[in-house]
Asks: 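My structure is below; once you've seen it, I'll send some questions.
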Amino acid sequence: MNIPKDLKYTKDHEWIRKEEDLIYVGITEYAQNSMGDVVFIELPEVGDTVVKGDAFGVVESVKAVSDIYAPLSGTVKKINEKILDYPEKVNKDPYGSWMMAIESSDLSQWDILLDAEAYEKLCEEED
Amino acid sequence: MNRKLIFEKSIKGRKGYALPECDVPAQAIEDIIPKEYIRIEEPELPEVGEVDTVRHFTLLSGLNYGVDNGLYPLGSCTMKYNPKINEDVSRLDGFTGVHPDLPDSAVQGCLELLYKMDLFLSEITGMERISLQPAAGAHGELAGLMMMKAFHQYHGEGHRNKIIVPDSAHGTNPASAAMVGYEVIEVKTDSRGNVDLSELKKMMSGGIAGIMLTNPSTLGLFEENICEITDIIHKAGGLVYYDGANLNAIMGITRPGDMGFDIVHLNLHKTFSTPHGGGGPGSGPVGVKKDLVPFLPVPLIQYKDGQYIRDYDRPLSIGRVRSYFGNFSVIVKAYAYILTMGAEGLRHASETAVLNANYLMHKLKKNYELPYDRTCMHEFVLSGRHQKDIGITVLDIAKRMMDYGIHPPTVYFPLKVKEAMMFEPTETESLETIDEAAEILMRIAAEAEENPELLKEAPHRTPVARLDEVRAVREPVLKWHAKNKEK
Amino acid sequence: MNRYISNTEEQRERMLKEIGFDSPDMLFKDIPEDIRLNRSLMLPGPLTEMELSCHMKRLAGKNIESGGYSCFLGAGAYDHYIPSVIAHILNRSEFYTSYTPYQPEISQGTLQAIFEFQTMICELTGMDVANASVYDGATAMAEAANMACKITRKEKVVVMRTVNPQYRKTLKAYAGFKGYEILEADYQEGTTNLSDLESLLSAETAAVIVQNPNFFGSLEEVAKIADLKAKYQVLLIICVDPVSLGLFKTPEEQGADIVVGEGQALGNPMSFGGPYLGFFAAKDKYLRQMPGRIVGQTVDRNGEPGFTLTMQTREQHIRREKAASNICSNQALNALAATVYLTLMGKQGLREAAYQSLQKAHYGYNKLIETDCFRPGFTKPFFKEFTVRSEIPLDRLNHDLLKEGIIGGYALEKDYPELKGFWLVAVTEKRTKGEIDELAEKVVEIR
């Protein structure tokens, strides 16, 4: 399974990347794999505030619905319009399919995210 | 296979009906209806003859598989045989031709039937009174939860807004709870498939409205601690709701009322043999213990001075959950079934349903993982985990069963069992049919190892092959477009 | 031994032995002793088929059924013509003994029929998408109100008092327990009082519900109601009589966002109130908030066309407490009856049924007024149902008519205390001139 070393992760199978001042969030290879073909994605609007641990969006396959949870608190700065129209991108390239970018209001939350190694262990346990 | 839609068989000017000539003096429409109300563009309904219509729908019926075609072991759906005499009696003119707003004196037969059905079902479940108004199981749940909420409100406990459902519950349970504004809390089941009592105790607080349980559970297991559970909930001031989806296991053996349940819904289209109709109509009567009777939907049918009457004078009632009195024709069929079976017949049905399930489970556990190795009730859950390890999903197994001419079990439910397959053979299946099904499933288990592609590409012998459900969602085509006709 | 249970005593013993049990009681060993019934249920029976048949015929014989009468009673359930073909199709057991089409490869018959049903409902109403049915007209309306509150995130719904009282009662139960508010707009001369309606609207209103033709049979000024939509940002829910759509403008043209209605009149007998079917259609953009099952067309792995249930993530078995509705079983077989009905009647037949109902109702209205036993009730344009004000007490009138083989109209006072003496009369295409003339004659005799 592909778990890039340079990303951070959550136990809810989201990946997080810091780029300049923004935090990009998507779902992992493991998540898209267990979902199956993604057919619909619902995301917040730019300007919304999200709270760590709360659901900010929804990913749907034909027979499953999964909430996506905010890894950090902050304000939504960008959303990825492209994956709304082409949700299958999430299956093909999960780490290239960021969903939203937030400006974090509390960067101290960054430190409690999982690193690749810890996340890999978690996936193994869940299997 | 190229099947035309009925619209594609339309020939301009063709007719499949005849009405007598309009024999009253006709007025010009525009003299009686203002012009702005008149339709200009006609609806694109088909123009076909009677023969075309009969052939079209007869062809469609042949693409279906029903209980009359063979084994239909869908877990939690109780696909038992639907007796033909029940169809006949439900279609008597004296039932189908009755307008629901006729006065009580003109519908004594209908009211008597509804009243007696209340008595029968109350006896079978151990409840005080039953309303036959709900149209389906989920509708019964909704009515039941409305009564639960009304009961708490009446007793000044309107703050109770949390309802507990086990992780193995039907989706309708949490969905119905949400429709009455309840917050759903999930309680886990333990390794024996029972509700985790210690976790349940921790959940008790002043905010608990009640718990919804299916017993036997959707794992096909009898909840061994049922009396402790009802006790815990009652002590916390909550009510206990019985989802009757699995009543077919216990008729005449034990009753929800005696287990401590306060509210019960039944599915006449499961336990009481009325056909599922390709998805409905069902019937979901809801019954209650004495303290909750005032909250039942109106009207309640009563027997007074030698007459059956519709009683609307019930100030604490939740009101209505639909128009009229229920899916009456469905209730007629269930009534006929109960009379045909009698008390001993119903008990015998449950006993046989449980025996059939245990027998099939026993046969299949060598080839498929059995996550809860206990005596099951009328259904049991297997896991296709071992098959998954070699790349075969439960869906593949289900599709392959179709090639052998039997209907698959319920798959991927309950959610808490991975690669779940839930079998409910019902009492109306014979030993030979069950043996044959067991053989087929053993053969499929062997095929999974020897020729996995056979399963992955299944079904091979059905009117269509496996359908692209992803495309159905990504590019939804939800109706036929008239413009297609021009092409 | 019961004839629906095949296994013989010998087979049962063989099966018990195979699973290692000595007696059938062992099957129930997980059931605690103190909750066992340990007695027989107190139920009548068992009856043989012959005995049952006699008993059921006796019960049915205690009812007055419309076949031997001329029926002028409507108020939500109508005596329209039902072609014989429908019962024959519904009697095909591949249709009626199958389950919900969750396994599409062996359910193409049901699925295609639902797809055709959805198309027909869209054609009739002018809407973009329709579902596979809900329980009845009343629950269709309640579901529509739920959906409108979800879409708009607002918690007030205004319903006209001219909407079927049973539907309003259902709506109030659904809304009350869910936690949103229902306000009722009064009527004037048989249709909605627009200024009263507007006084109830605010920025918090999610939707306005109007029935057209309304419970009194009168045509509502829907265009004027629709004009209020933009100002208050509300959705318009229109409840329609599907037969009327053979003749009348579609609710879509009148500004509907959601269209609901009772489909009984489409080939389903009155059956003492059920089973009927609710139909439910909406604009495309609300598809994801719609309740109930929806069938879509797709292709199989060989590229051949086929049908399947789709957009299922809206539904309870997947989304659980966040589902659009709790509905699972619907009224599939009744929707099939409606599909066969609309197929047979087709474009011309539905129009003719509507046309004849309209003409005969107007003839009946004039006839009754000519008797001098009635004054006009409401005088707004109407379709197949109308009101007259009776000089004769309605209980007596209906009672005496019944003795003459006529099922009289509906006393509106039951639901509207202010409408004393108002008689709601329904005339469908099934009524003949002779029957209508006889009604008028008998009324004069009864007076």
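Lettering follows sequence order; numbering is per chain, from 1. In this text the structure is predicted, and so the values were computed from the model without any measurement.
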Asks: Below 4.5 Å from any heavy atom of chain B, which atoms of C:I294 appear? Answer side chain, backbone, both or neither.
Replies: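 For C:I294, side-chain heavy atoms alone lie under 4.5 Å from chain B.
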
Asks: Where on B:K80 is there a heavy atom nearer than 4.5 Å to chain C: the side chain, the backbone, both, or neither?
Replies: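 Neither part; nothing is under 4.5 Å.
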
Asks: Any non-hydrogen side-chain atom of B:P463 less than 4.5 Å from a side-chain atom of C:E105?
Replies: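 The answer is no; the side chains never approach within 4.5 Å.
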
Asks: Go through the steps for B:F57 and C:T343 under the test side chain to side chain contact (heavy atoms under 4.5 Å, CB included), then give the verdict.
Replies: CA-CA 10 Å; B:F57 289 101; C:T343 299; 3.8 Å; yes

Asks: Does some side-chain heavy atom of B:L478 sit less than 4.5 Å from a side-chain heavy atom of C:T310?
Replies: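 Sidechains of B:L478 and C:T310: in contact.
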
Asks: For the pair B:T428 (side chain) and C:Y4 (backbone), establish whether a donor and an acceptor sit closer than 3.5 Å, ignoring hydrogens and angles.
Replies: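 Absent.
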
Asks: For C:R319, is it the side chain, the backbone, both, or neither that has a heavy atom closer than 4.5 Å to a heavy atom of chain B?
Replies: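 Looking at C:R319, nothing touches chain B.
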
Asks: Should C:P46 and B:T340 count as side-chain neighbours, where that means a heavy-atom distance under 4.5 Å?
Replies: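 Answer no - side chains too far apart.
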
Asks: Does any heavy atom of chain B fall under 4.5 Å from the side chain of C:Y99, the backbone, both, or neither of them?
Replies: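 Its backbone and side chain both get close to chain B.
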
Asks: Which atoms of B:E457 come close to chain C, meaning under 4.5 Å heavy atom to heavy atom: side chain ones, backbone ones, both, or neither?
Replies: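 Contact with chain C: backbone and side chain both.
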
Asks: Under 4.5 Å between any side-chain heavy atoms of C:L43 and B:I124, yes or no?
Replies: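 Side-chain contact under 4.5 Å: yes.
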
Asks: Where on B:A177 is there a heavy atom nearer than 4.5 Å to chain C: the side chain, the backbone, both, or neither?
Replies: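 B:A177 has no heavy atom closer than 4.5 Å to chain C.
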
Asks: Is the closest side-chain heavy-atom distance between C:L247 and B:R39 below 4.5 Å?
Replies: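 SC-SC contact between C:L247 and B:R39 ruled out.
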
Asks: Would you please say whether a donor-acceptor pair under 3.5 Å links the side chains of C:D136 and B:S323?
Replies: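 Yes, side-chain donor-acceptor contact under 3.5 Å.
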
Asks: If we ignore angles and hydrogens, is there a donor and acceptor under 3.5 Å between the side chains of C:N2 and B:E344?
Replies: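 Checked: C:N2/B:E344 side chains show no N/O donor-acceptor pair below 3.5 Å.
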
Asks: How about C:H317 and B:F413: are their ring centroids closer than 6.0 Å?
Replies: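 They do not qualify: ring centres at least 6.0 Å apart.
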
Asks: Look at the side chain of C:N63 and the backbone N and O of B:G109, then say whether any donor-acceptor pair between them is shorter than 3.5 Å.
Replies: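 Side chain of C:N63 to backbone of B:G109: a pair is present.
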
Asks: Heavy-atom cut-off 4.5 Å, strictly under: side chain, backbone, both or neither for C:Y355 against chain B?
Replies: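 Contact with chain B involves the side chain of C:Y355 alone.
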
Asks: State whether the side chain of C:E123 and the backbone N or O of B:E44 hold a donor-acceptor pair below 3.5 Å, judged by distance alone.
Replies: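 Present.
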
Asks: Between C:P104 and B:E469, is any pair of side-chain heavy atoms under 4.5 Å apart?
Replies: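 With C-beta onward as the side chain, the pair touches.
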
Asks: Measuring heavy-atom distances to chain B, does C:H399 have an atom under 4.5 Å in its side chain, in its backbone, in both, or in neither?
Replies: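 When you check distances to chain B, no heavy atom of C:H399 falls under 4.5 Å.
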
Asks: Taking B:Y65's backbone N and O only, do any of them form a donor-acceptor pair with C:E94's side chain (distance below 3.5 Å, no angle check)?
Replies: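 Not a single qualifying donor-acceptor pair exists.
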
Asks: So for C:R351, is it side chain, backbone, both, or neither that comes closer than 4.5 Å to the heavy atoms of chain B?
Replies: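 Only the side chain of C:R351 comes within 4.5 Å of chain B.
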
Asks: One pair to check against side-chain hydrogen bond (donor to acceptor under 3.5 Å, both in side chains): C:Q108 and B:R3. What are the steps and the verdict?
Replies: CA-CA 10 Å; C:Q108 287 295 301; B:R3 289 193 323 265; 3.0 Å; yes

Asks: Are the aromatic rings of C:F272 and B:Y324 close, with centres under 6.0 Å apart?
Replies: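 Distance test on ring centres: not under 6.0 Å, no.
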
Asks: Do any N or O atoms from the side chain of C:K57 and from the backbone of B:G94 form a donor-acceptor pair under 3.5 angstrom?
Replies: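 Answer holds: no.
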
Asks: Where on C:K322 is there a heavy atom nearer than 4.5 Å to chain B: the side chain, the backbone, both, or neither?
Replies: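 For C:K322, no heavy atom lies under 4.5 Å from chain B.
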
Asks: Within the side chain of C:S66, is there an N or O that forms a donor-acceptor pair under 3.5 Å with the backbone of B:V98?
Replies: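 No, because the side chain of C:S66 does not come within donor-acceptor range (under 3.5 Å) of the backbone of B:V98.
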
Asks: Determine, for C:K249 against B:E36, whether the closest basic-nitrogen to carboxylate-oxygen distance falls under 4.0 angstrom.
Replies: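 A salt bridge is absent here (no side-chain N lies under 4.0 Å from a carboxylate O).
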
Asks: So, does C:H362 use its side chain to make a donor-acceptor pair with the main chain of B:Q27 at under 3.5 Å?
Replies: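 No, because the side chain of C:H362 does not come within donor-acceptor range (under 3.5 Å) of the backbone of B:Q27.
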
Asks: Taking every non-hydrogen pair under 4.5 Å, which of C:F115, C:Y363, C:F383 racks up the most with chain B?
Replies: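 Greatest number of close heavy-atom pairs with chain B: C:F115.
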
Asks: Heavy-atom distances under 4.5 Å only: say whether C:L350 touches chain B with side chain, backbone, both or neither.
Replies: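 For C:L350, side-chain heavy atoms alone lie under 4.5 Å from chain B.
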
Asks: If I measure from the heavy atoms of chain C, does B:E427 come under 4.5 Å with its side chain, its backbone, both, or neither?
Replies: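 Both the backbone and the side chain of B:E427 come within 4.5 Å of chain C.
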
Asks: With a 4.5 angstrom heavy-atom cut-off, could you sort out which part of C:Y174 is near chain B: side chain, backbone, both or neither?
Replies: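 Contact with chain B involves both backbone and side-chain atoms of C:Y174.
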
Asks: Between atom CG of C:L47 and atom CE of B:M341, what is the distance when rounded to the nearest 0.5 Å?
Replies: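 Reported value, rounded in 0.5 Å steps: 12.5 Å.
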
Asks: Between the main-chain N or O of B:P174 and the side-chain N or O of C:E321, is there a donor-acceptor pair closer than 3.5 Å?
Replies: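 The answer is no, because no donor-acceptor pair under 3.5 Å joins these two groups.
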
Asks: Checking heavy atoms, do the side chain of C:I318, its backbone, both or neither come under 4.5 Å from chain B?
Replies: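 No part of C:I318 comes within 4.5 Å of chain B.
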
Asks: Return yes if a side-chain donor-acceptor contact under 3.5 Å exists between C:N7 and B:S430, otherwise no.
Replies: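 Side-chain D/A pair, C:N7 to B:S430: absent.
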
Asks: Give, as side chain, backbone, both or neither, the part of C:R92 having an atom under 4.5 angstrom from any heavy atom of chain B.
Replies: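 For C:R92, the side chain is the part near chain B, not the backbone.
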
Asks: Short question: side chain of B:H362, backbone of C:E18 - any donor-acceptor pair under 3.5 Å?
Replies: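 Here the side-chain-to-backbone pair exists.
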
Asks: Below 4.5 Å from any heavy atom of chain B, which atoms of C:F21 appear? Answer side chain, backbone, both or neither.
Replies: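 Contact with chain B is through the side chain of C:F21 alone.
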
Asks: Given side chains that start at C-beta, do those of B:H276 and C:S98 come closer than 4.5 Å, heavy atoms only?
Replies: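 A side-chain contact under 4.5 Å is absent here.
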
Asks: Assess whether a salt bridge exists between B:K479 and C:E116, defined as any Lys/Arg side-chain N lying under 4.0 Å from an Asp/Glu carboxylate O.
Replies: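 The answer is no: the pair does not qualify as a salt bridge.
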
Asks: Are the side chain of B:N64 and the backbone of C:G109 linked by a donor-acceptor contact shorter than 3.5 Å?
Replies: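 Checking the backbone N and O of C:G109 against the side chain of B:N64, a donor-acceptor pair under 3.5 Å is found.
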
Asks: Do B:L45 and C:L124 come close enough that some side-chain heavy atom pair is under 4.5 Å?
Replies: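 Yes, close enough: below the 4.5 Å cut-off.
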
Asks: Can you tell which part of B:D93 gets under 4.5 Å to a heavy atom of chain C, answering side chain, backbone, both or neither?
Replies: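 The answer is both parts of B:D93.
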
Asks: Can we say C:D300 and B:R466 salt-bridge, meaning some charged N sits less than 4.0 Å from an Asp/Glu carboxylate O?
Replies: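 No, no charged N to carboxylate O under 4.0 Å.
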
